[in-house]
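Step one of this worksheet: look at the structure below.
Nothing here was measured: the structure is a model prediction, and the numbers come from that model. Atoms within a ligand are numbered from 1 in the order they appear, just like the ligands themselves.
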Amino acid sequence: MRHAVVTGVSKGLGESIVKLLLESGIHVTGVSRSGNDKLNEVASENRVTYQHFTCDLGDMNSTETTFRQISEDIFSQEPDTVYLINNAGVLEPIDQSMNTKGADVSHHIQVNTIVPIVLTNLFLKRARERDVRFISTTITSGAAERPVYGWSAYCSSKASINMFTRTAALEQDQLKTQNKVIAFSPGIMDTDMQEKIRQSDKDAFIEVDEFRRYKQTNQLKDTDTVGGILVDILTDETSIVNGKIYSVTDYL
Ligand code: NAP
């Protein structure tokens, strides 16, 4: 049995990833603040289970309690492979770095960086204790590798994810476990996150006109296409390169 845990499943890329995992015969547990009824239907059509947990990943206590329960439930079923896909993410605050508020930066780093690290660590430990194959993926961004005017929190949080991925993978290699830790950069996709970007003030985000043009000229990718590439990578388990920062652009 293969079981995946995915964060940020109510819409966007997360919704597509869950749908495609269920269609591949993988049981899924999804976490976000709002639910998604469509995913229950996809699960029953494909005779696999889908369970949703409501949790605000901005709240560390609630996140740790929720994921302790999820990991105990899954690992006690003696699965062959467990996947964790840290997909939930936020872009705000969008502003010149010096104008951002501490509380907004703190929330951002909590959701985009701290939670993926804490969850990956929790699952790595459980997988080692139970001798189960575990594959962790965190959704990163091209913004991890280039500074973007107005996105200081986002560039920093995604750059941290890339370095965490490489470090945790190095440890798992040296410990000779069967676990893999990777990141996946999905490119620009047609989601609510892009809609918020297009609403930015030019003083806060200098590239806003270019992002409006991406939408007008149909350059935003469809989340099912991008999610399909990730699910293909994950389900070809023996080919996964531990520590690799995968990019969708290598597959399109
Ligand atoms: P989206 O449409 O804005 O969806 C974000 C998802 O994250 C939602 O399901 C949301 O669920 C969840 N989420 C946000 N804050 C949360 C919180 N505090 N607690 C629990 N869940 C939370 O975003 P997307 O475009 O699909 O992005 C998915 C991933 O791709 C993100 O990591 C993003 O950084 C990355 N990415 C996106 C693009 C792009 O062009 N869209 C480009 C590069 C990278 P609830 O609101 O229901 O909680």
Worksheet entry | Any Gly35 heavy atom less than 4.0 Å from ligand 1 | no
Enumerated ligand 1 atoms positioned under 4.0 Å from heavy atoms of [X]:
{"X": "Tyr154", "answer": "33 (C), 34 (O), 35 (C), 36 (N), 43 (C), 44 (C)"}
{"X": "Ser34", "answer": "45 (P), 47 (O)"}
{"X": "Ile188", "answer": "40 (O)"}
{"X": "Val9", "answer": "9 (O)"}
{"X": "Asn87", "answer": "28 (C), 29 (C), 31 (C), 32 (O)"}
{"X": "Ser32", "answer": "11 (O), 20 (C), 21 (N), 47 (O), 48 (O)"}
{"X": "Thr140", "answer": "44 (C)"}
{"X": "Lys158", "answer": "32 (O), 34 (O)"}

Worksheet item: Does a side-chain N-to-carboxylate-O contact under 4.0 Å join Lys101 and Asp95?
Response: no
Discussion item. Salt bridge or not between Glu195 and Lys11? Use side-chain N to carboxylate O under 4.0 Å.
Written reply: no
Discussion item. Just to be sure I read this right, does ligand 1 sit under 4.0 Å from the backbone of Ala143, its side chain, both, or neither, counting only heavy atoms?
Written reply: neither
Worksheet item: Between Thr223 and ligand 1, which part of the residue brings a heavy atom under 4.0 Å of the ligand: side chain, backbone, both or neither?
Response: neither
Worksheet item: Should the pair Phe211 and Tyr214 be assigned to parallel (<30°), tilted (30 to 60°) or perpendicular (>60°) ring geometry?
Response: perpendicular
Worksheet item: Which residue and non-hydrogen atom of the protein lie closest to atom 14 (C) of ligand 1, and at what distance in Å?
Response: Arg33 NH2, 3.6 Å
Practice prompt. Report the C-alpha distance between Arg133 and Thr81 in whole Å, list the side-chain angles of each, state the deciding distance to 0.1 Å, and finish with yes or no for side chain to side chain donor-acceptor pair (under 3.5 Å).
Written response: CA-CA 5 Å; Arg133 178 171 41 216; Thr81 306; 3.2 Å; yes
Discussion item. Please find the pair of heavy atoms, one from Ala143 and one from Trp151, that lie closest to each other, and give the distance.
Written reply: CB-CE3, 4.1 Å
Response to the item:
Correct closest heavy-atom pair for Leu39 and Leu22 would be O-CD1, 3.6 Å
Worksheet item: Do the side chains of Phe184 and Val181 join up, straight or via other hydrophobic residues, at under 4.5 Å, putting them in one cluster?
Response: no
Worksheet item: Can you tell me how far the OG atom of Ser141 sits from the CG atom of Asn112, to the nearest 0.5 Å?
Response: 9.5 Å
Fill in: Evaluation steps, salt bridge (Lys or Arg N to Asp or Glu O under 4.0 Å), between Arg128 and Glu171
CA-CA 13 Å; Arg128 187 97 201 260; Glu171 291 173 357; over 6 Å; no
Worksheet item: Can you find an N or O of Pro186 that's nearer than 3.5 Å to an N or O of ligand 1?
Response: no
